[in-house]
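Here, residue 1 is the first one in the sequence, and each next residue gets the next number.
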Amino acid sequence: MSIHRPEQPAPAYVPGHDLLADKVVVVTAAAGAGIGASVVRRALEEGARAVVFSDTHARRLAEAEETLAAEFGADRVRQTVCDVTDEAQVQALLDLADDLGGVDVMINNAGLGGTASVLEMTDEQWSKVLDITLTGTFRCIRAVGQRMTARGRGGVIVNNASVIGWRAQEGQAHYAAAKAGVMALTRCAALDLAPHGIRVNAVSPSLAMHPFLAKVTSDDLLAELKQREAFGRAAEPWEVANVMVFLASDYSSYLTGEVLSVSSQHA
């Protein structure tokens, strides 16, 4: 039996309340129009002293930096190309944050999807998705965790998982395995880093609408995915970013090792 959920309008954008005042925030995969870019903007609106953001697209990074610098001040925005499969580039990203006083909040947003049946999926397809989405998150946690521990003033790490880490979806074995791994990694890293005053949590979005997703997804599939959601619509990227900012803020000071679903879906 099909269910029709009437589409509920997105709420009004909420102004900032200085939840990240005086923090240095690092965000990966943030040059587009999706969740990463929304987190960068939200962190600046919430009073971050500086936001260092990265991606693999140099032109988009430069354009984003120019736009944000004009709005929030050039001294508060830095960008650099970073491929999270490259340890040297991960370290260079954190070096840039160290120049600004050291990272207080690390948002691990980098990930790669794709669609292929396990009957046809190649080793290369499997490995690429796992290396970016899961191992890339591990590299960033390890690198920033070492620096936060050495500095001795704690910190926060927020990872981007996905509801597909909980539920099955055809053609998504590599992505689902990677995102389920991010969830498990989050829980274990939280215990390893808790003695150093470092919290590690994750968000688990389902459908967050942005131009790239609309471009690569059919209208029929988007309509079907929206109907799975309680509000009959996709999330706005900033709605996911809001939850990431909450996890990064002192409002979640006793929360670690958790994966918060930014969706009505778990299975």
Side-chain angles (χ1 to χ4, degrees), residues 26-30 34-36 39 54-56 82-87 89-91 93-94 105-146 148 155-194 196 198-208 213 225 235 240-241 243-244 247-248 252 255-263 265-267:
V26 174
V27 188
T28 63
I35 293 170
V39 173
S54 69
D55 209 296
T56 57
C82 178
D83 179 347
V84 297
T85 68
D86 187 319
E87 176 69 19
Q89 292 188 36
V90 171
Q91 295 293 344
L93 171 63
L94 296 177
V105 175
M106 181 81 182
I107 307 289
N108 293 314
N109 181 60
L112 177 69
T115 301
S117 165
V118 294
L119 297 175
E120 301 165 353
M121 187 181 298
T122 65
D123 284 4
E124 182 181 4
Q125 287 174 307
W126 172 271
S127 297
K128 187 173 183 179
V129 169
L130 268 289
D131 196 19
I132 293 173
T133 307
L134 176 56
T135 310
T137 300
F138 159 71
R139 288 188 190 97
C140 290
I141 291 174
R142 178 179 61 191
V144 77
Q146 289 170 346
M148 287 177 172
V156 182
I157 300 169
V158 182
N159 302 320
N160 194 353
S162 169
V163 294
I164 205 168
W166 282 312
R167 68 162 196 250
Q169 187 168 315
E170 184 179 5
Q172 296 293 308
H174 46 1
Y175 189 63
K179 289 300 190 180
V182 169
M183 294 178 181
L185 172 61
T186 296
R187 291 187 287 266
C188 293
L191 294 182
D192 288 343
L193 294 174
H196 304 284
I198 302 167
R199 296 188 294 108
V200 187
N201 291 293
V203 298
S204 182
S206 54
L207 182 64
L213 179 63
L225 293 173
V240 180
V243 181
M244 289 179 142
L247 291 173
S252 61
L255 195 64
T256 197
E258 291 296 328
V259 180
L260 297 188
S261 175
V262 192
S263 168
Q265 299 185 64
H266 283 269

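Counting only heavy atoms from C-beta outward, the side chains of M148 and L193 never approach each other to under 4.5 Å. Side-chain atoms of V144 and V26, non-hydrogen and from C-beta on, never get closer than 4.5 Å to each other. Residues M244 and V262 fail the side-chain proximity criterion, which asks for heavy atoms closer than 4.5 Å. Side-chain contact between V203 and L247: present, with at least one pair of heavy atoms (C-beta onward) separated by less than 4.5 Å.
Remark: the backbone N or O of P205 is not paired with any side-chain donor or acceptor of S263 at under 3.5 angstrom. Looking at T28, its side chain never comes within 3.5 Å of a backbone N or O of N108 through a donor-acceptor pair. At least one donor-acceptor pair closer than 3.5 Å links the side chain of N201 to the backbone N or O of G257. Side chain of T85 to backbone of I132: no donor-acceptor contact under 3.5 angstrom is found.
Taking every heavy atom of both residues into account, S261 and V163 meet most closely at OG-CG1, 4.0 Å. Closest heavy-atom contact between A190 and T256: CB-OG1, 3.4 Å. Considering all non-hydrogen atoms of both residues, V240 and A235 come closest at CG2-CB, 4.3 Å. Nearest heavy atoms, C140 versus V84: SG-CG1, 3.9 Å. The shortest heavy-atom contact between S204 and V259 is CB-CG1, 3.7 Å. Of all heavy-atom pairs spanning A176 and I164, the tightest one is CB-O, 3.4 Å.
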Side-chain donor-acceptor pairs under 3.5 Å in residues 112-121, sequence neighbours left out?
residue, atom, partner, partner atom, Å
T115, OG1, Q172, NE2, 3.1
S117, OG, L119, N, 3.0

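Of the inter-residue distances, the one linking T137 atom OG1 with L185 atom CG reads 7.0 Å to the nearest 0.5 angstrom. Atom SG in C82 sits 9.5 Å away from atom CD in Q91 (nearest 0.5 Å). The distance from the OG atom of S206 to the CH2 atom of W166 is 10.0 Å, given to the nearest 0.5 Å.
Residue pairs meeting the side chain to side chain donor-acceptor pair (under 3.5 Å) criterion with at least one member in residues 174-185, sequence neighbours excluded, do not occur.
One side chain, T186 or N159, offers a donor N or O that lies under 3.5 Å from an acceptor on the other.
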**Prompt:** Where do N160 and I35 land on the side chain to side chain contact (heavy atoms under 4.5 Å, CB included) test, with the steps shown first?
**Reply:** CA-CA 9 Å; N160 194 353; I35 293 170; 3.9 Å; yes
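Partners of E258 under the salt bridge (charged side-chain N to carboxylate O under 4.0 Å, His left out) rule, at least two apart in sequence or in another chain, do not exist in this structure. Evaluation of the salt bridge (charged side-chain N to carboxylate O under 4.0 Å, His left out) rule for R142 yields E87 as partners, not counting sequence neighbours. Checked against side-chain contact (heavy atoms from CB on, under 4.5 Å), V105 has the following partners two or more places apart in sequence or in another chain: V25, I107, V156, A248. Applying the salt bridge (charged side-chain N to carboxylate O under 4.0 Å, His left out) rule to R199 yields no partners; only residues at least two apart in sequence or on another chain are considered.
Of the charged side-chain nitrogens involved, at least one lies within less than 4.0 Å of a carboxylate oxygen, so that R139 and D131 count as a salt-bridged pair.
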